[in-house]
Asks: 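Below is a structure I'd like to ask you about.
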Amino acid sequence: MLEVAIIGAGSAGLVAARHCLANGLRCSIFDAASTLGGAWSSSCSSSTATAPAAKMWDGLHTNLSKHTCRFSDFPWSSSEIYPSSTPTFPSHIDMDRYLQSYAEEHRIGDYFHSNCQVTKITPLDDDDIRDAGTIGWNGYRVEWTDTSSQTQHVKEFSGVVVATGFFARPKYPPGFSPTIHDDGGSGGSSSKRCHVLHSENYKSHTDFANETVAVIGSSFSALEIAVDVSQSAKRVVSILPQIPWVLPRYVPTKDGAILPIDLAFYRRTAPAFANPEMTSLTPELCRARHERLKQQLGSRQQEILGLPKDFDKPPMVTVSDYYLDLVQDGTVEVLHGRAQGIDDKGLRVSTAVSVDDEGGKSGHADMILPNISKVICCTGFLPDLQSCLDQSILDILEYNPEDMFSPVTACWQTLHPNLNNMAFCGMYRGSYMGVVEQQARLAAMVLSGKLALSEAQYQKELDICRQIRNNKPRPQFPRFDYIGFMDSLAMAISSASEDSNNKLPRWNTAAGDFITPAFYQPDEEIARASIAEVSQELEKGKNGSRIPFIVMSALIGSWNFDRNIVHFSSNHREHVHGVIRFSRPKLDHVLYREDGLYEISEHKSLSVFREYEYVCQGDTLEIYFVEGGKRTHLFLSLKFQEETTEGYWVATSDHLCIKDLYKANFKIKLEGAKAVEIVISYRVKGPAKDYEAMTVMMPHIAPRY
């Protein structure tokens, strides 16, 4: 039985081991860390020179749902940790536990060598074989250091799977390094020093209490860390090198549903295998993608952050539920530009980045941000294959250590015809669990000899990979067509195979179908269970269950309101008008503050003020009274129904206040993720009350001077 060395014990290494074992290969799994799980591990909380810490911070949740963040044959319900209820967007602790359960299910821990830093992988071929251009015929020599005992080891293996992933070397912007800078304060006072760190070292907002923090980057981690650190920091400045589209985790779709972002986007546009995988974007395709994103967000992002200027270039998309809320509130300040470095005056930022003219934020100027005490660089990672792979291997891969997009030339980002018995899993930017598993399945079948790919297949894929690496401008991710790439891998796996189990996918292959990894495995029961779970998500998205989540953010901002009150016993009418301000002082609630003028009669009026707290509790929007600045008791509990033909989402609730019954009706109209009208009415009846109050709210437009 052939033995394969698997380098890395994160999600890519675990799934590679599972499929190598399933294909009759023996495995030895090496990782510099002490635990399985890689970047998701919640056990490794601090780094050493040789054992890296986990890359996730406290409070992080995935930006894709559990339907995508899974392996095909291991549903979340298979995990003993979450037998019935898994959060739709798992936390980093949930992900770690899922991977631990997966490893236990397949007894991967039996093959795991912890605290082992692989230092060299060398082909065992003679020089004349190497000169022929193809290496690895005789296997590879793997050298490693056991950091727990400080001993050196070497062993020969028939094959190698490199599954070290993409979180290898932190990339800093030019002019920055992980150091402490003295900005000119006398005696090097700590109040005058600026600490620069990378996002991989960010763990908790509590470490930044009362600090003035600059967060550099436009990625998911940059926006989510800006949100997270604002919970403790005194001031947060988000420096955006480019304008991303900022989508919440649940997005409205054109058919009126509110769905997890991956289910909204990952649907087939044509039957499976009808079209080849898309590997480049024309200006026309770029414009279409920008317009779709603009439609889904409505005008909300344009009003708060501005839009990307050039719709002819590939869009950048990031996911954050609260970033736009906090920018609109002023909790997170935004600078459109590039951080240049730190000197004795402060943090230098070049704002030579233009934003859409309608956003009113174009310009070219340099700025100095004084008194920044912490800078968090959320600027990605670089590969580190040069730390262990022999130069002969790197040359064949056309390896570029400074390429954080796609650093190697490999077929399906997995194999190379001139590297026998070697494969890669997850070695490109943006690899999803379903893709990594497909890569692992392909690698294991080739390494075990169960699948022989043709020279034509290899050459076609090498050409595709080189074209992807040379794309200008580059899209956000090299294999951006997720469904197309999954199908490309499935076709490679099924080629020249007589086993019908390898002819995948067999489910959800029609245009319009949702895609999850579960459809790329042969067990019909697992596939049907996934279809049922997705159907449940679709039902929740259409019956109003997800609306409270959207409403909470859609409310943020200022609204002009008019309230008409009719007393039925006397036919007396009253009018209240003014401004309502919704803000998010804490991430878990929205504060309603009303400042108005109550017109009791033609000649008599008085100022009114009231506050409520809005809280999202699952599928319910709860409204609480606020007295003296503190939440008191529950006023209304609103559950939204299906969208009306007039475009309103409607919720009703009753509230008995001593002897008075309040029947509430809450209507909100959305355009994408933006609320454009809110109507709240109360019918109140009691021993001394019999009136109806109707409040109509429209977005407040500040005057321009």
Asks: Does Y482 have its ring centroid less than 6.0 Å away from the ring centroid of F477?
Replies: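 Aromatic pair excluded; centres sit 6.0 Å or further apart.
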
Asks: Check R479 with E277, please: is the shortest side-chain N to carboxylate O separation under 4.0 Å?
Replies: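 Answer for the salt bridge query: yes.
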
Asks: Salt-bridge test for D207 and K374: reply yes if a basic N is under 4.0 Å from a carboxylate O, no otherwise.
Replies: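 No, D207 and K374 are not salt-bridged.
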
Asks: Which word best sums up how the rings of H113 and F30 line up, parallel for under 30°, tilted for 30 to 60°, or perpendicular for over 60°?
Replies: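 Parallel.
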
Asks: Quick one: do the E398 and T409 side chains pair a donor with an acceptor below 3.5 Å?
Replies: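 Distance-only check passes for E398 and T409.
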
Asks: Measure up the F71 and Y102 rings against each other and bin them: parallel (under 30°), tilted (30 to 60°), perpendicular (over 60°).
Replies: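 Because their plane-to-plane angle lies in the 30° to 60° range, the rings of F71 and Y102 count as tilted.
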
Asks: Under the salt bridge (Lys or Arg N to Asp or Glu O under 4.0 Å) test, which residues partner D513, sequence neighbours left out?
Replies: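 Testing D513 for salt bridge (Lys or Arg N to Asp or Glu O under 4.0 Å), a comparison that skips the adjacent residues, returns none.
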
Asks: For this output row, return yes or no: ring centroids of F381 and H198 closer than 6.0 angstrom.
Replies: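 Close enough - the centres of the two rings lie under 6.0 Å apart.
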
Asks: Between D390 and K120 (salt bridge meaning N to carboxylate O under 4.0 Å), is one present in this structure?
Replies: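 Answer for the salt bridge query: yes.
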
Asks: Would you please name every residue forming a ring pair (Phe, Tyr, Trp, His ring centres under 6.0 Å) with H61, sequence neighbours left out?
Replies: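 Not a single residue meets the ring pair (Phe, Tyr, Trp, His ring centres under 6.0 Å) criterion with H61.
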
Asks: Students often mix this up, so state it plainly: with edges at 30° and 60°, are the rings of Y428 and F485 parallel, tilted or perpendicular?
Replies: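 Geometry flag for F485 against Y428: perpendicular rings.
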
Asks: What is the ring orientation for Y202 with F208, classed by angle as parallel under 30°, tilted 30 to 60°, or perpendicular over 60°?
Replies: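 Judged by the thresholds at 30° and 60°, the geometry between Y202 and F208 is tilted.
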
Asks: Who are the side chain to side chain donor-acceptor pair (under 3.5 Å) partners of T318, not counting sequence neighbours?
Replies: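 None.
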
Asks: Answer with yes or no whether the side chains of N115 and S148 bring together a donor and an acceptor at under 3.5 Å.
Replies: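 No, because no side-chain N or O of S148 sits under 3.5 Å from a partner of the opposite role on N115.
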
